Amino acid sequence: MKALIIGGGGFVGPYLVNHLHDDLGYEVAVTKTAKEQLALSNAVVYDCDILNKSEITDVLETVRPDYIFHLAAQSSVSVSWKNPALTIDVNIKGAVNMLDAVRELDYKPRVLLIGSGEEYGHIRQEECPIIEDTVLRPGNIYAATKSCQNMLGSIYAAAYHMDVMMVRAFNHIGPNQTPLFVVADFCKQVAEIEKGIKDPVMYVGNLSAKRDFTDVRDVVRAYALLVQKGKAGETYNIGTGHALAIQEILDRIISLSDKKIEVRVDAQRLRPVDVPIIEPDISKVHDCTGWKPQIPLEQTLRETLEYWRAQDLCQK
Ligand SMILES: Nc1nc2c(ncn2[C@@H]2O[C@H](COP(=O)(O)OP(=O)(O)O[C@H]3O[C@H](CO)[C@@H](O)[C@H](O)[C@@H]3O)[C@@H](O)[C@H]2O)c(=O)[nH]1
């Protein structure tokens, strides 16, 4: 099998490459932006700007993949508040460029669009855990773009009989994630405190939000199973099914260190709106593929903290 990962230069791409190539024996190609650094021994890497449809077409015609994983995105909710136009361009225009380039091919590869649990947005307590048919009420710009991508995927699947599936991935974490995201951020701060680079004060945002955290290695396994077994036009939640308060995540990370750490709210880290809870029902993906997450949160937090401890962090 030949897989193409569009937008493989971020956090998830290399994990997906390793799983597809090393575990499943696929031939793998990856696109990245010209600015990104990505050297992989187990995939061919192409530069591709997804805002330029002809560049996507060129890669598709060169690689002729069986499976396409569309990972390319502006994936941070907080960045989407600061740069809404970029988020809309990359997440909506980029996705539609890819879908339309695939539509014009002389064969029908399977496409997996990576959406987000954030698409559900303002969930009512009685709707938890959320099933895929729940009404979408996105609460931020990022979530709106991912909801739009999901709708575009359904439209292309129905209108052109394309083999397109969608996932709504909930928070995924692990070593090598950028500290724009909460677990990487907290682990990096602990590592800096332990190295004496930073005073023993942990800066945090909203600790009352509840989110569902899955190890990135479990998430990429679900993606691979879905392109093998999923159904065109369908959407699948990917998460553990259990949301935890960010306060609890923070407590667990701090407990992995023997430093005494003070916690201080930093107003810069608060968002204009932060939906209180996002918790998925994962029975649809489980029934379709047998997938269940396997890596315990404790292990992921420990390995993420170890990753940051091993980094050459700048001195004060
Ligand atoms: N980043 C960050 N978040 C904090 C902090 N303190 C509290 N939080 C809270 O921690 C939660 C998780 O924030 P992020 O890790 O930034 O992720 P996200 O906004 O939930 O988005 C992630 O998950 C989505 C799926 O649910 C993904 O779609 C998205 O790409 C991203 O991975 C949010 O409620 C945020 O307000 C902090 O210091 N930094």
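Both ligands and their constituent atoms are indexed starting at 1 by order of listing. Everything numeric here is computed off the predicted structure, so don't read it as measured data.
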Before accepting this row, confirm whether a basic side-chain N of the pair [X]/[Y] lies closer than 4.0 Å to the acidic partner's carboxylate O.
X: Lys284; Y: Glu234; result: yes
X: Glu104; Y: Lys53; result: yes
X: Lys188; Y: Glu192; result: yes

Which of the atoms of ligand 1 are close to [X], meaning less than 4.0 Å from one of its heavy atoms?
X: Phe170; answer: 25 (C), 26 (O)
X: Ala209; answer: 34 (O)
X: Tyr142; answer: 27 (C), 28 (O), 29 (C), 30 (O)

Within one Ile-Leu-Val-Met-Phe-Trp-Tyr cluster: Val28 and Phe69, side-chain cutoff 4.5 Å: yes

To which protein heavy atom is [atom] closest, and what is the distance rounded to 0.1 Å?
atom: atom 11 (C) of ligand 1; result: Ile246 CD1, 3.7 Å
atom: atom 9 (C) of ligand 1; result: Asn206 O, 3.7 Å
atom: atom 31 (C) of ligand 1; result: Phe181 CE2, 3.5 Å
atom: atom 1 (N) of ligand 1; result: Leu180 O, 2.9 Å
atom: atom 30 (O) of ligand 1; result: Ser75 O, 2.6 Å
atom: atom 26 (O) of ligand 1; result: Asn171 OD1, 2.8 Å
atom: atom 37 (C) of ligand 1; result: Arg269 NH1, 3.7 Å

Do Arg168 and Tyr120 form a cation-pi contact, if we require the NZ or CZ to be under 6.0 Å from the six-membered ring centre and within 45 degrees of the ring's axis? yes

Can an N or O of [X] be found at a distance shorter than 3.5 Å from an N or O of ligand 1?
X: Val77; result: no
X: Ser116; result: yes
X: Gly205; result: yes

Out of Ile114, Ile238, Val182, whose heavy atom is nearest to atom 2 (C) of ligand 1? Val182

Judged by heavy atoms only, the candidate from Asn140, Val12, Asp274 nearest atom 34 (O) of ligand 1 is Asp274

Name the orientation class of the two ring planes belonging to Tyr156 and Tyr160 (parallel below 30°, tilted from 30 to 60°, perpendicular beyond 60°). tilted

Counting only heavy atoms closer than 4.0 Å, does ligand 1 sit against the backbone of Arg211, its side chain, both, or neither? side chain

Under 4.0 Å, heavy-atom basis, I'd like to know which part of Ala169 is in contact with ligand 1: side chain, backbone, both or neither. backbone

Does the Glu55 side chain pair with the main chain of Asp49, one donor and one acceptor, at a distance under 3.5 Å? yes

I'd like to know if the side chain of Lys2 and the backbone of Val63 have a donor-acceptor N/O pair within less than 3.5 Å. yes

Side-chain donor-acceptor pair under 3.5 Å between Asp66 and Tyr26, yes or no? no

For Gln149 and Asn91, test the side chains for any donor-to-acceptor distance below 3.5 angstrom and give the result as yes or no. no

